[in-house]
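For reference, the structure discussed in these notes is given below.
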Amino acid sequence: MYYLIDESVCSSIENARGILKCIMDRVKRIIPDEAVLFDIRLILDELVYNGVKHGNEFKEEKKIKIRIEITDDFVKIEVCDEGTGIKCRNKEYNPLDLKDCGRGLVLVKGLSDEFSVDKNKAVSIKYIK
């Protein structure tokens, strides 16, 4: 099986919520495992919100691109914003500091089997078998 979702949304939280709901409705028809669906939803929420807030700075004229590949073995999620990009420093994040910045990417890394950030593009791979 191979299924591809390729969407984009303007950098508005309200619009992002709508497209994420539509995406998850499509994913639910393919993946029956509730635990995997929960992880995918959280990964998508965090990456898209991060792109809207930090990458595109809530500028609605800028887009967030969302690409999801689903196979029998894995789900690959790519989220790309129009910002300048970041250097991901998950090892420097200390949860005891209670900072907002960085927490989402730490969550995504923990839920992903593979995770990388290259400038303004984040890629998460979740194995489903």
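- In plain terms, the two heavy atoms of G51 and I64 that are nearest each other are C-CD1, 3.4 Å.
- Listed by chain and residue number, S12, N15, E60, K63 satisfy the side chain to side chain contact (heavy atoms under 4.5 Å, CB included) test with C10 (two or more places apart in sequence, or in another chain).
- When the salt bridge (Lys or Arg N to Asp or Glu O under 4.0 Å) test is applied to D6, the partners found at least two apart in sequence or on another chain are R67.
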- From CA spacing to verdict: side-chain contact (heavy atoms from CB on, under 4.5 Å), I68, I70: CA-CA 6 Å; I68 303 170; I70 303 172; 3.9 Å; yes

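- Across all their heavy atoms, L47 and A122 have their closest contact at CD2-CB, 3.7 Å.
- For K21, the side chain to side chain donor-acceptor pair (under 3.5 Å) partners two or more places apart in sequence, or in a different chain, are D25.
- Residues A16 and V9 come closest through the heavy atom pair N-CG2, 3.8 Å.
- Between Y127 and D73, the closest side-chain pair of non-hydrogen atoms is not below 4.5 Å.
- Remark: the backbone N or O of F74 is paired with a side-chain donor or acceptor of T71 at under 3.5 angstrom.
- Residues I77 and V123 are not in side-chain contact: their nearest non-hydrogen atoms beyond the backbone lie 4.5 Å or more apart.
- Checked against salt bridge (Lys or Arg N to Asp or Glu O under 4.0 Å), K76 has the following partners two or more places apart in sequence or in another chain: E78.
- In terms of modelled atom types and a separation under 3.5 Å, the side chain of N120 and the main chain of C80 share no donor-acceptor contact.
- K62 NZ: more than 12 foreign heavy atoms inside a 6.0 Å radius.
- N56 and S11 get closest at one heavy-atom pair: ND2-OG, 2.7 Å.
- Side-chain atoms of Y3 and R26, non-hydrogen and from C-beta on, do get closer than 4.5 Å to each other.
- Side chains of E7 and I23 form a contact here, defined as non-hydrogen atoms less than 4.5 Å apart.
- Grouping the Ile, Leu, Val, Met, Phe, Trp and Tyr side chains by contacts below 4.5 angstrom, directly or via other members, places V106 apart from I125.
- When all heavy atoms of I128 and D72 are compared, the closest pair comes out as CG1-O, 3.7 Å.
- When the salt bridge (Lys or Arg N to Asp or Glu O under 4.0 Å) test is applied to E57, the partners found at least two apart in sequence or on another chain are K59.
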Less than 3.5 Å apart, which donor and acceptor atoms pair up between the side chains of residues 35-46 and the rest of the protein, not counting sequence neighbours?
| from | atom 1 | to | atom 2 | distance (Å) |
| --- | --- | --- | --- | --- |
| D39 | OD2 | K126 | NZ | 2.8 |
| R41 | NE | D45 | OD1 | 3.0 |
| R41 | NE | D45 | OD2 | 3.2 |

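- I5 and M1 fall within a single hydrophobic cluster, where Ile, Leu, Val, Met, Phe, Trp and Tyr are joined by side-chain heavy atoms under 4.5 Å apart, directly or via other members.
- Residue-environment remark: CD (E61) exceeds the threshold of 12 foreign heavy atoms within 6.0 Å.
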